[in-house]
Structures are given as C-alpha cells and as structure tokens.
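Written out below as structure tokens is the structure these notes cover.
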Amino acid sequence: MNYRWEWEVFLRDTGGGQTYLEWMMSAWGWTLSVAVCAWVVALLVGVVVGTLRTLPSRGWVLAGNAWVELFRNIPLLVQIFLWYHVVPAMVPALKSAPSFLLVVFALGFFTSARVAEQVRAGIQSLPSGQRMAGLAMGLTLAQTYRYVMLPMAFRIVIPPLTSEAMNVIKNSSVAFAVSISELTLFALQAQEETSRGIEVYLAVTTLYMVSAFGVNRLMAWIERRVRVPGFAGAAR
C-alpha cells in the first residue's frame, strides 16, 4: 500500500479563520462537554431510580422499573430525535432550548437507566442485615440508605460504572445528528473538505481513545481511594 500520509492537513486553514487542528480541538471540547454533563445527569437520576427499585414499596419499585425499561429499550439515536423534534413541540418552553441541552438530557436519561441497574444490583448485593441494623439503631429508612447502604453500594459498583462512564464518551458521538460540532461531525465534514479521511479519522479515533482511557484511570483512582479492604474485592 503506497499511501502518502499528509498529516500537515491539520495545519491547513478551514477558510473560517482557524486551522483544522484548532477545529478538531474545539470539537473535542464539545465532545467532553456533552459527555461530562450527560454523565452528571445520568448519575443523579440513576442513583435515585436505582434506589427506588430497592425500596419496600411496590409503587416505587414499579415506577423505577418503568423508567429503566422505557429508556433502556429505545435506541439512543431515536431518543435524540425525540428530544430534538418531538419534546419541544409538546413542551413549548423547550422550543428555544439549545441543541446541546437536549442532547445532554437524551444521553443522560438513556445512561441513567443503565446506572440505575448498577445501583440496584449494588444495593441488593449488600447483606440484608445492614438495613435491619440501621433501622434497629433508630435510623429512618432514608437515613439507613444515606449513611449505611449507599456508601457501601457505591464502592461495589464503581467498576461497572467505569464502563458506563466510558460508554458516555463513545455515545456522545450521536450528537452529530443534531449538528453539534463534536468530534464525529468534525470528522465527517473535514474528510469531505480535505479528502484526507484516513488522517482525519485516525486523529479522531485517537482522541476518543485518550478520553476513554482518561476516564478509566480516573475511576480506577477513585476506586482505590474508597475501597473497603476485604469487602469490595470479595464482592467482585
């Protein structure tokens, strides 16, 4: 294969006052922004929904199950389009909402269903005696969850949450469908303008790998910091 590499393509001017390298770095920033904001939404909602699914109340359990099944069984790209085209038509206040916000909610809620599954599994993996001990000490059910069960459950589910956090980075690529200038949209447009698809896609792939690896290392560091000796390792 006598392919002539032209990495200097990234130093070319796009015609808009910036180089392709600067454009790619800006797109990387948008990718990380979408992923981080969606991950915050996913964690907040997923923890609540996952906890509801373990409560001694059939109503809350059914509500949590409905949330998980709804967002887990609809393809992410379809959810993006629903948030972009359908939800604003049903909720007029969202008609002026930026695409970035709609994508964050779509990706965040989609991921929250998966986080909820991990949180539920973590809580249910705890010995039942922990809940009974907390209640026996005079704690309310909410206090038992807050001070006894959730701190331990989080330590158990950090490894699977690491995979979900990495998935958010990768799934953020669907934001190109609503014209957010993230890495995938950059790659599509840059390769059309420069005809150097191999260089462009290799560079974008590298940035996705660096992002996912960075998340992996961060979560591994958090896991080491919060690990309970003799417990978390046994749970896995």
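A quick note: this is a predicted structure, and the numbers were derived from the prediction, not measured. Basis for what follows: all heavy atoms, side chains included, without hydrogens, waters or symmetry-related copies.
Using a 4.5 Å heavy-atom threshold, the side chains of Tyr20 and Glu193 count as touching. The side-chain heavy atoms of Val103 and Ser172, taken from C-beta on, include no pair separated by under 4.5 Å. You'll find the side chain of Val148 stays beyond 4.5 Å of the side chain of Arg131, heavy atoms only. Side chains of Leu139 and Leu135 form no contact here, defined as non-hydrogen atoms less than 4.5 Å apart. Side-chain contact between Val61 and Leu52 is absent, with no heavy-atom pair separated by less than 4.5 Å. When side chains are defined from C-beta on, Val226 counts as touching Ile158, because their heavy atoms get closer than 4.5 Å. With a 4.5 Å cut-off on side-chain heavy atoms, Arg53 and Val68 count as touching. The shortest distance between side-chain heavy atoms of Val49 and Val115 does not fall below 4.5 Å.
The CG atom of Leu32 lies 4.5 Å from the OG atom of Ser211; values are rounded to the nearest 0.5 Å. Atoms CG and CD, on Leu218 and Glu223 in that order, are 12.0 Å from each other to the nearest 0.5 Å. Expressed to the nearest 0.5 Å, how far CG of Leu82 lies from CG of Leu76 amounts to 11.0 Å. Distance CG/Leu150 to CZ/Arg155: 11.0 Å, rounded to 0.5 Å. Atom CG of Leu126 and atom OG1 of Thr54 lie 9.5 Å apart (nearest 0.5 Å). Once rounded to the nearest 0.5 Å, the distance linking CD of Glu182 with OG of Ser26 reads 11.0 Å.
At least one donor-acceptor pair under 3.5 Å links the side chain of Gln143 to the backbone N or O of Thr140. Remark: side-chain polar atoms of Asn216 are not paired, donor with acceptor, to backbone N or O of Ala212 under 3.5 angstrom. Under the 3.5 Å distance criterion, the side-chain polar atoms of Thr111 are left unmatched by any main-chain donor or acceptor of Gly108. Panel note: side chain Thr31, backbone Leu183; a donor-acceptor pair is recorded below 3.5 Å.
Leu44 is not connected to Val47 by any chain of hydrophobic side-chain contacts under 4.5 Å among Ile, Leu, Val, Met, Phe, Trp and Tyr, and they are in different clusters. Trp23 and Leu11 end up in different hydrophobic clusters when Ile, Leu, Val, Met, Phe, Trp and Tyr side chains are linked at under 4.5 Å. In terms of hydrophobic clustering, with Ile, Leu, Val, Met, Phe, Trp and Tyr side chains grouped at heavy-atom distances under 4.5 Å, Leu188 and Ile198 are assigned to different clusters. In the hydrophobic cluster analysis, where Ile, Leu, Val, Met, Phe, Trp and Tyr join through side-chain heavy atoms closer than 4.5 angstrom, Ile80 is grouped together with Val78. Under a hydrophobic clustering in which Ile, Leu, Val, Met, Phe, Trp and Tyr are joined whenever their side-chain heavy atoms come within less than 4.5 Å, directly or via other members, Leu185 and Tyr208 fall into different clusters.
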Let me see the working for Ile123 and Tyr145 under side-chain contact (heavy atoms from CB on, under 4.5 Å), right down to the final yes or no. CA-CA 9 Å; Ile123 293 174; Tyr145 269 88; 4.1 Å; yes
Test log, rule side-chain contact (heavy atoms from CB on, under 4.5 Å), inputs Asp13 and Gln18: CA-CA 6 Å; Asp13 192 279; Gln18 63 178 349; over 6 Å; no
Run the side-chain contact (heavy atoms from CB on, under 4.5 Å) check on Arg120 and Gln124 step by step: do they pass? CA-CA 6 Å; Arg120 177 196 60 79; Gln124 292 182 342; 2.7 Å; yes
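Nearest heavy atom pair, residue Leu141 against residue Leu55, reads CD2-CD2, 4.1 Å. Between Ser173 and Thr184 the shortest heavy-atom distance is CB-OG1, 3.1 Å. Taking both residues in full, the closest heavy atoms of Thr144 and Gly134 are given as OG1-C, 3.7 Å, listed atom of the first, atom of the second, then distance. The two residues Ala89 and Lys95 make their nearest non-hydrogen contact at CA-CE, 4.3 Å. The two residues Phe110 and Ile74 come nearest to each other via the heavy atoms CE1-O, 3.9 Å. In terms of heavy atoms, Thr194 sits closest to Ala190 at OG1-O, 2.7 Å.
Between Tyr3 and Trp5, the ring centre distance stays below 6.0 Å. Ring-centre distance between Trp28 and Phe186: not below the 6.0 Å cut-off.
Taking the six-membered ring where tryptophan is involved, the planes of Trp67 and Phe71 are tilted, since the angle between them lies from 30° to 60°.
Atom CE of Met209 is surrounded by 12 or fewer heavy atoms from other residues, nucleotides or ligands within 6.0 Å. Atom CZ of Arg114 is surrounded by 12 or fewer heavy atoms from other residues, nucleotides or ligands within 6.0 Å. Around the CZ atom of Arg72, the shell of radius 6.0 Å holds more than 12 heavy atoms that belong to other residues, nucleotides or ligands.
Put simply, the residue from Thr162, Val168, Asn167 that forms a side chain to side chain contact (heavy atoms under 4.5 Å, CB included) with Glu164 is Asn167.
In summary, Arg4 and Glu6 engage in a salt bridge, as defined by a charged side-chain N under 4.0 Å from a carboxylate O.
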